[in-house]
Every structure is written in structure tokens, then in C-alpha cells.
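First the structure, in the form of C-alpha cells, and then the observations on it.
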Amino acid sequence: MKTESKLREKIEREKKERTQLEQWRQEKDKTIENYFERIGELESDKQSDTTMAKFTYLSDEVLNGFDNYKYSSIDTSPISKYVTHPFWNWVVEFYPRWIAPNLLTLTGFLQLVANFFLLTYYDCNFYAASRDHPESPPVPNWVWLVCGLNMFISHTLDGTDGKQARRTKTSSPLGELFDHGLDSWVTLFMPVAMYSVYGRGEGGVDVFRVFLITIGVQFCFMISHWEKYITGVLFLPWGYDLSQLGLTFIYLLTFLGGHDMWKFKVPIVDMQMSNVFEIVCYVGFLGLTMPFTFWNIYESYKNKTGKMLGLWEAMRPVIATISLFSLMIVWAKFSSCDIIELYPRLFYLTTGTVFSNITCRLIIAQMSNTRCEVFHWMLVPLCCIVALVILIAPGNIEIYILWCYALIVISAHVHFGFGVVREMCDHFKINALTIKHAD
């Protein structure tokens, strides 16, 4: 009996110990679980605080608008239909499928930037092609070959990036914004690089007149996206392919014959070739781009196929661009040190950068179907600068003002570009320059 009693007590004791041990384990597991939950809450709070502190360019309304976006364009150019698109359809088949479309876009853009900086090195003030400035040696012929090849390859990459996107099934609103956003900056680099072929001085063109051509190119680019903001359709201008193929041809001819080959008068009209080229540019603006744009807008209202915006809403996107061009023209004409003559390339670059930022915001608005902003913050310091130039005439201090303003807007524009791309990549869960494969 004593043995059974002791055995029973032992069993009860062990059972009690096991119960206590199980309770201890449960309490321990609960403590650990609470610990990790607390860590998770702290991490969540930290991420929330970081998100709130992080500056963003795209609102939720804009990102939601991108979710509903569908690309719509019309290209009626005979050159596109019979020459460039068949060639691009052939070229794109040679691309590896792992190459991201945006990488093609960026590479083509950087080639035109390379042209700009290469000619900045050899012809900073556009005197290299001038016979009456022997202190500025001519641009080496090999530079024109490089510029021609870069122009042609850049045009090809820009024309095949969308085809590569469809081929790899990676089309997205980011691709179009990335493409057209960089194109808005290219409207500066292309005509300014071309200027070195003719230069200024004897047989050349005045820097202010070239500035007007540059803003003409930019205005035509802007109104094509303004047209889409109103109609919902991007009508690709005929001058797009024509101008880039023409520039490639001129670069290659200059490589073969040197810039002196353009120093002649055109028979019948008895004008310098540089002046004829200037007139051709205006014919392109006024004959191949603007009339078609205004006609397409008129047709959209007539047939009620567009967004049917009121006058004020329809004009909002152009106000900032026209303000920019007006202010820069006033600065150039009223400058107390003739700033555009001293630093034409920097003056062009500054204008083109502000224009690109304004136009990128227009493209974002028309793609996301949101309201375009009327005024732009980069115009605020510019207004102050122009007022200073007119009222005080600061003289050579203008040079430092231009450099400071240029550095500010270039830095801000680059930051804007990186920020928008990052936000869109996060939203669509994609990579910008690589193709993200599903696991």
C-alpha cells in the first residue's frame, strides 16, 4: 500500500510539474510573440514617420490617374510609315529580350547630351565655324562623324524603345513619361549642337536669333502635348523624323566637307545658307506643326471627341511656358552686360532646363488626367532676376546670377526626374532600367 501511495504521489507530482512547465512555455511563447509584435509596431511607426517626412512629387490622385491611363497616338507622317517604322521593326528583332526599354531611351538621350558637351569643349561660344575669329580653331572633322552617328543611333533607340516594351510585355505609363520627359530636354540639345555647324559671325547666325529658333522647337514640342491634354490623343508631328534624319545628314556632310562647305550664298534667293536654314526652321514651325495642332484641337471641339475643356482650363498648360520664354527674351534684350552674347550656351541650357521641367509636369497632368498647374516655382526667381536687370542694371554681376540660377534649376530638374521615376517604380512595382521577372 505504501509503495502504491508513493507511486501515485510521484505521478501526481510529475503531472503537476509538466502542467507548470507547459504554462511556463506558453507564457514564454506569449512574451516572445509580444516582443516581436512590438518590434513590428515600432518598425511600422518608423516607416510611417519616414514616409510622412519624405518629399514626394506625385500625389495619390496622379498615381491613381496613371493606373487608368491608356496610350493613344496617331502618326500620319509618310517618312514614319514607309521609312523609319519598317527599319525600326527590323532593328528591334536584334535586341536581347532582357534589355529594358527605358535603358534604350536613356542611352539615346545620353548620346545627344554627349554631342552637346563634345561641342561645348571644341566650340563653347560658337566661333569655331567663323572665319573672322581665327583665335577659335575649327571643330575637328571627326567630331562631326561622332555627332552624326550619335544622332542616328539616338533616333533609332528612341524609335525602338516602345517596340521593345511591347515585345517584352513591359509597357507602362513610366515608359512613355520617361521617353517624352527626356525628349523635352532634347529639344535644347539638338538645335544648340546644330548651331556649331554654322556658328556666328561671317556666314553664321546671331545668337539671339538662334535662341528664338530654340524656343520655337521647344514650343512646338510643348503644344503637341498641350494638344493631347485637350484632345486625349497624341498627334505625332511630321517634323520629328524629318528633323532628326536631316541633322544626321548635315553632320555627315560636315564631316566630309568641313564647316566651310556651308559658307555660300544660295542662288536665286541670294542668301547665306545659314539664313536659308533659319527660314526652313520657321517654315517647319509654322507650316508642319502649329497649323495641324490647332486644327486637331478645333476638330476635337467640333466633333466633341476631346475633353471639352473650357477656355481657361484649356489654356492653363501654356501659361508657364509662354511666361518662361517672355522672361528670357526680356532678360536677353535688356541685359546690362549682353549676357546672351557672353554666355549663349549657358543661357540656352538654363532656358531649356526650365522648359523641360514645365513640360514634364504637363505630360504628367495629361497622362494622369489631372489638372495642369498654371504657374511654376522656377519662374519666381526668374521674375526677380528680370526685375533686377531692368531696374538696377547689375552689369557683370549678371554672369554670376545666371550661373547660380542655372545650377539651381538643373539640380532641381535632375532631382525631380529621379524622384518621379522612383515614385512610379514603387507604385507599379517595376524597375526603371531593368526588366523585373516574376519569381
Side-chain angles (χ1 to χ4, degrees), residues 55 57 113 116-117 120 124-126 181 184-193 195 200 205-223 226 315-363 372-420:
F55 179 79
Y57 288 104
V113 174
F116 177 84
F117 283 107
T120 298
C124 185
N125 293 312
F126 306 104
S184 68
W185 216 356
V186 165
T187 58
L188 156 77
F189 297 123
M190 284 200 328
V192 172
Y195 186 23
R200 53 176 165 169
V205 183
D206 176 73
V207 290
F208 181 74
R209 283 158 53 192
V210 171
F211 178 61
L212 295 180
I213 291 175
T214 301
I215 64 177
V217 173
Q218 293 166 348
F219 185 75
C220 287
F221 181 88
M222 184 277 297
I223 63 173
W226 172 54
M315 295 302 296
R316 286 174 66 92
V318 302
I319 294 174
T321 300
I322 293 176
S323 299
L324 166 67
F325 293 156
S326 301
L327 288 168
M328 295 304 289
I329 289 172
V330 170
W331 187 0
K333 299 305 289 184
F334 286 86
S335 171
S336 55
C337 67
D338 213 355
I339 191 72
I340 196 171
E341 290 286 339
L342 292 175
Y343 289 90
R345 195 174 288 271
L346 183 62
F347 198 85
Y348 299 158
L349 178 60
T350 304
T351 306
T353 302
V354 179
F355 166 79
S356 180
N357 198 272
I358 292 172
T359 306
C360 284
R361 294 171 190 269
L362 165 59
I363 296 170
C372 186
E373 59 189 31
V374 177
F375 204 68
H376 193 283
W377 72 265
M378 289 184 181
L379 299 181
V380 175
L382 181 58
C383 288
C384 297
I385 292 170
V386 172
L388 184 69
V389 167
I390 293 174
L391 298 175
I392 300 179
N396 287 336
I397 295 177
E398 276 187 54
I399 298 172
Y400 301 101
I401 294 174
L402 175 60
W403 273 104
C404 289
Y405 183 58
L407 292 174
I408 290 171
V409 297
I410 292 171
S411 300
H413 187 49
V414 171
H415 187 274
F416 171 80
F418 275 100
V420 168

Within this structure, what is the [atom1]-[atom2] distance for the pair [X] and [Y], rounded to the nearest 0.5 Å?
X      : Y      : atom1 : atom2 : answer
Ile215 : Cys220 : CD1   : SG    : 11.0 Å
His376 : Arg361 : NE2   : CZ    : 4.0 Å
Gln218 : Thr321 : CD    : OG1   : 9.0 Å
Ile358 : Met222 : CD1   : CE    : 9.5 Å
Leu379 : Ile385 : CG    : CD1   : 11.0 Å
Leu407 : Thr353 : CG    : OG1   : 10.5 Å

Which atom pair, heavy atoms only, marks the closest approach of [X] to [Y]?
X      : Y      : result
Ser356 : Gly181 : OG-O, 3.8 Å
Cys360 : Phe416 : CB-CE2, 3.7 Å
Leu342 : Cys337 : CD1-O, 3.3 Å
Ser336 : Val389 : N-CG1, 4.4 Å
Gly352 : Leu188 : CA-CB, 4.1 Å
His413 : Met378 : N-CE, 4.2 Å

With a 4.5 Å heavy-atom cut-off, do [X] and [Y] have their side chains touching?
X      : Y      : value
Glu398 : Tyr343 : no
Val409 : Asn357 : no
Val386 : Phe334 : no
Met315 : Trp226 : yes
Thr120 : Arg345 : yes
Leu212 : Ile329 : yes
Thr214 : Thr351 : no
Cys383 : Leu327 : yes

| query | Sub-3.5 Å donor-acceptor pair from the side chain of Thr187 to the main-chain atoms of Ser184, do we have one? | reply |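 Yes, the answer is positive, given that a donor and an acceptor are paired below the 3.5 Å cut-off.
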| query | Backbone N or O of Val207 within a donor-acceptor pair of the Arg200 side chain at under 3.5 Å? | reply | no
| task | Output, in order, the C-alpha distance, side-chain angles, deciding distance and verdict of side-chain contact (heavy atoms from CB on, under 4.5 Å) for Leu388 and Ile401. | result | CA-CA 10 Å; Leu388 184 69; Ile401 294 174; 3.6 Å; yes
| said: Taking CD1 in Ile390 as the centre, count heavy atoms belonging to other residues, nucleotides or ligands within less than 6.0 Å. Is the count above 12? | reply: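 Atom CD1 in Ile390 is crowded, with more than 12 foreign heavy atoms closer than 6.0 Å.
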| field | CZ (Phe375) with more than 12 external heavy atoms under 6.0 Å | value | yes
| task | Could you go through the side-chain contact (heavy atoms from CB on, under 4.5 Å) check for Val192 and Phe126 one step at a time? | result | CA-CA 9 Å; Val192 172; Phe126 306 104; 3.8 Å; yes
| query | Which word best sums up how the rings of Phe211 and Phe208 line up, parallel for under 30°, tilted for 30 to 60°, or perpendicular for over 60°? | reply |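 Tilted.
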| remark: ring pair (Phe, Tyr, Trp, His ring centres under 6.0 Å) with Phe116: of Phe189, Tyr348, Tyr195, only one passes, and it is Phe189
| task | Dump the intermediate steps for side-chain contact (heavy atoms from CB on, under 4.5 Å) on Phe219 and Phe355, then the final yes or no. | result | CA-CA 9 Å; Phe219 185 75; Phe355 166 79; over 6 Å; no
| task | Would you sort out whether Trp331 and Leu382 count as a side-chain contact (heavy atoms from CB on, under 4.5 Å), showing the intermediate values? | result | CA-CA 9 Å; Trp331 187 0; Leu382 181 58; 3.9 Å; yes
